[in-house]
Amino acid sequence: MNAILLSTLLAGATPAGFQSTEVLDRLVEQFAGAPIGDIGGARAPVDKRLKLAACDAPELSWRSAAEDAVVIRCAGPQQWRVFVPVNALPKAAPTAVAAVRPAVPVKPEAVIKRGDPVLVEAGAAGFSITREGLAMADAAAGGRVLVKVDDKRPPVAAIAVEPGRARLPGFGE
């Protein structure tokens with residue numbers, strides 16, 4: 001920034017010896033390259049209630065590589081610094097990643113529901129066995145489901161194939 005422009009801007013120091021927040025707003029606008037409220041510009045003006053010591057040469061820099069805040073420093077006898085949040089410019093890479101991710105996780109539709117009658121199959125080349133049972137939980141196609149086939153024995157774990165049909169794992173695969 002040239003010296004004439006800087007001295008013109010700094011002439012806005014308040015009479016009580018405090019730094020003008022309007023001057024700081026203009027400096028941030030010039031540094032960021034966008035007006036307050038726009039993309040790339042400050043989110044809001046510097047708080048008018050701040051009572052900062054007048055500064056002859058405020059230094060402006062980005063807080064980080066993300067360029068999401070401007071830091072204004074005064075290196076004078078009464079040092080201070082102010083962070084001004086910026087409406088950061090959108091980066092190309094994160095939006096591409098966000099477009100790939102689904103907004104809501106999709107739960108597969110259950111083909112077997114709790115309480116449904118289920119035909120459990122087991123078999124290999126040359127033979128097959130089937131047994132009727134009752135589903136103990138919901139299951140999507142390819143998911144595990146417990147099937148009660150006998151009141152006196154614990155349920156068997158099967159793989160849901162289609163509505164009303166499940167296969168014992170390890171048989172016929």
Side-chain angles (χ1 to χ4, degrees), residues 21 24-50 52 58-73 79-173:
T21 57
L24 296 179
D25 288 336
R26 288 191 300 260
L27 287 171
V28 169
E29 186 175 321
Q30 289 178 353
F31 181 79
I36 296 170
D38 284 359
I39 298 292
R43 289 185 189 167
V46 175
D47 192 343
K48 308 267 184 257
R49 298 172 291 181
L50 288 175
L52 303 168
E59 299 170 5
L60 281 77
S61 63
W62 291 110
R63 181 182 65 97
S64 68
E67 296 183 358
D68 58 353
V70 174
V71 180
I72 308 172
R73 286 186 178 86
Q79 297 180 6
W80 51 261
R81 70 179 172 177
V82 175
F83 293 84
V84 180
V86 170
N87 292 321
L89 294 169
K91 304 294 182 201
T95 43
V97 172
V100 173
R101 259 186 263 143
V104 178
V106 178
K107 184 178 178 184
E109 187 177 333
V111 294
I112 296 178
K113 301 204 186 281
R114 180 182 179 152
D116 284 352
V118 177
L119 185 64
V120 180
E121 304 171 343
F127 80 97
S128 70
I129 300 172
T130 59
R131 179 87 191 249
E132 291 181 358
L134 192 65
M136 304 300 291
D138 295 351
R144 297 241 177 202
V145 62
L146 291 177
V147 180
K148 184 114 176 135
V149 292
D150 188 352
D151 289 335
K152 297 177 185 166
R153 298 195 180 246
V156 295
I159 298 172
V161 177
E162 60 186 29
R165 199 170 133 229
R167 180 178 305 270
L168 289 179
F171 292 95
E173 292 179 11

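The nearest pair of heavy atoms linking Ala158 to Pro169 is CA-CD, 4.2 Å. Closest approach of Arg144 and Ala157 over heavy atoms only: NH1-CB, 4.4 Å. Shown here for Arg114 and Met136, the closest heavy-atom pair between the two residues is CG-O, 3.6 Å. Scanning both residues, Pro58 and Leu27, for their nearest heavy atoms gives CG-CD1, 3.9 Å. Minimum interatomic distance between Gly40 and Ala34 (heavy atoms only, all atoms of both residues): C-CB, 3.7 Å. Between Ala140 and Pro108, the shortest heavy-atom distance links the atoms CB-CB, 3.7 Å.
The shortest side-chain heavy-atom distance between Val28 and Leu60 falls under the 4.5 Å cut-off. Side-chain contact between Asp68 and Val86 is absent, with no heavy-atom pair separated by less than 4.5 Å. Val145 has its side chain out of reach of Val118: every pair of non-hydrogen atoms, C-beta onward, lies at least 4.5 Å apart. Residues Leu24 and Leu50 fail the side-chain proximity criterion, which asks for heavy atoms closer than 4.5 Å. Side-chain contact between Arg131 and Val147 is absent, with no heavy atoms from C-beta onward closer than 4.5 Å. No side-chain heavy atom of Phe83 sits less than 4.5 Å from a side-chain heavy atom of Val70.
Between atom CG of residue Asp38 and atom CG of residue Asn87 there is a gap of 8.0 Å, rounded to the nearest 0.5 Å. Separation of atoms CZ (Phe31) and CD (Glu59) is listed at 11.0 Å; rounding is to 0.5 Å. Remark: Glu121 CD to Thr130 OG1 distance equals 7.0 Å, nearest 0.5 Å. Ile112 CD1 to Ile159 CD1: the interatomic distance, rounded to the nearest 0.5 Å, is 11.0 Å. Of the inter-residue distances, the one linking Arg43 atom CZ with Ile36 atom CD1 reads 13.5 Å to the nearest 0.5 angstrom. Leu119 CG to Arg167 CZ: the interatomic distance, rounded to the nearest 0.5 Å, is 10.5 Å.
Environment of CD in Glu162: crowded, with over 12 heavy atoms of neighbouring residues, nucleotides or ligands closer than 6.0 Å.
The residues Asp150 and Lys152 are annotated as not salt-bridged, no charged nitrogen and carboxylate oxygen being separated by less than 4.0 angstrom.
At least one donor-acceptor pair under 3.5 Å links the side chain of Asp25 to the backbone N or O of Val46.
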